[in-house]
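To keep things clear, I will list the structure first and then write my remarks on it.
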Number of protein chains: 2
Amino acid sequence: MDTPLREPTFLILTALAVEPMHGYGLIGEVAALSDNRVSLRPGTLYGALDRLVDAGLVEVDREEVVDGRLRRYYRLSPAGDATLTAETERLRRNVEAATTRLAERTRAARPITPRVAGGLA
Amino acid sequence: MDTPLREPTFLILTALAVEPMHGYGLIGEVAALSDNRVSLRPGTLYGALDRLVDAGLVEVDREEVVDGRLRRYYRLSPAGDATLTAETERLRRNVEAATTRLAERTRAARPITPRVAGGLA
DNA sequence: CGCTTTATAACGCCCCCCGATATACCTTCG
DNA sequence: CGAAGGTATATCGGGGGGCGTTATAAAGCG
């Protein structure tokens, strides 16, 4: 898990930054966070949570039984907090780089003035 | 390829935003762009380029032969430009969301003071 | 002659996506 | 008042696609 986080994972950590949440509740929180762009399905969510716990970025906070259903609350570990901070910085740099270069972009999809050596094959 | 772009792909598009570049040259440009964090290997690079061409986000600009070696230059297509712009916006929103929530975070990795039957709302 | 530059090819991994399943309340309706 | 169905919550397994890696080819240059 030292690869850059993918969007679902990133949003899960982001959701957990404020306060511990239980799995199913994260589905709604991530949807809200992402303006309903990302709607996690159970398979995706719990798979990601398991990996995050294995990686030590997320810890089980507590378990409650509400109406006979188990609720397992997760919280960000210190490592998870550090990772989220670092990932946010990485993304911020990427956004900056892209923004800069988009501003400098050649206006053209037109082929550049043909150079001597080789036209297209 | 309608999944969110991953980092290598995103940086390749970013590199191409300013001017057409040939495959091998992109390795250095992406490294520079990312402050040497991302160093693409040929397999990753050309695989990504093939996918990008298939998806219509990148087009072959021209081919040159320099010192007997083929250089194939790629450029961003209009669709690629639009995709890169959209992806940059998506990332910007995610960065914003994470930044906001990191600022609001609970100071605690310590277990929350145990409540009897589910205090927090 | 070997190193550098450029492109190609094949293989495995891991995360994500989805669909199906289990369970125990709660609601609704006969 | 009892049975059927719905909802909230968690688990399991299968599959795909981008990425990483490593090996290979070919042609100049020092």
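Because only heavy atoms are used, hydrogens play no part in the values below, and waters and symmetry mates are left out as well, while side chains stay in. In the text below, chain A, chain B and the rest are named by the order of the sequence lines, each starting its count at 1.
Phosphate contact (OP1/OP2 of D/dT9, side-chain N/O of A/Arg71, threshold under 4.0 Å): present. Between B/Tyr24 and C/dT5 there is no side-chain polar atom (N or O) within less than 4.0 angstrom of OP1 or OP2. The side chain of B/Arg6 places no N or O atom within less than 4.0 Å of a non-bridging phosphate oxygen (OP1 or OP2) of D/dG17. Look at A/Thr44 and you won't find any side-chain N or O under 4.0 angstrom from OP1 or OP2 of C/dC16. Taking 4.0 angstrom as the limit, A/Arg41 places a side-chain polar atom (N or O) nearer than this to OP1 or OP2 of C/dG19.
The number of heavy-atom neighbours closer than 6.0 Å to CG of A/Asp35, taken from other residues, nucleotides and ligands shown, is 12 or below.
Here the side chains of A/Pro8 and A/Leu40 are in contact, with some heavy-atom distance below 4.5 Å.
Within the nucleic acid shown, B/Pro42 comes within 4.0 Å of at least one base atom, counting heavy atoms only. Nucleic acid contact class of B/Thr3 (heavy atoms, under 4.0 Å, all strands): none.
Straight-line distance from the NE2 atom of A/His22 to the P atom of D/dA10: 7 Å, rounded to whole Å. Atom CD1 of A/Ile27 and atom P of D/dT11 are 12 Å apart (whole Å). One atom, CG of A/Leu70, and another, C1' of D/dT7, lie 16 Å apart when rounded to the nearest Å.
Using a 4.0 Å cut-off between charged nitrogen and carboxylate oxygen, A/Asp81 and B/Arg105 count as a salt-bridge pair. Note on A/Arg90 versus A/Glu87: salt bridge recorded, some NZ/NE/NH1/NH2 to OD/OE distance being below 4.0 Å. Checked for salt-bridge contact, A/Arg92 and A/Glu89 meet the test: a charged N lies under 4.0 Å from a carboxylate O. With salt bridges taken as basic N to acidic carboxylate O contacts below 4.0 Å, none links B/Arg101 and B/Glu104.
Judged by atom type and distance alone, B/Arg69 does not reach the base of C/dT6 through any side-chain donor-acceptor pair under 3.5 Å.
A distance-only check finds no donor-acceptor pair linking the side chain of A/Ser77 to the backbone of A/Glu59 [under 3.5 Å].
Annotation: proximity of residues 82-98 of chain A to DNA chain C (heavy atom, distance under 4.0 Å) is found for no residue.
Both B/Gly23 and A/Gly68 lie near DNA chain C, and the one whose nearest nucleotide falls closer to the 5' end is B/Gly23.
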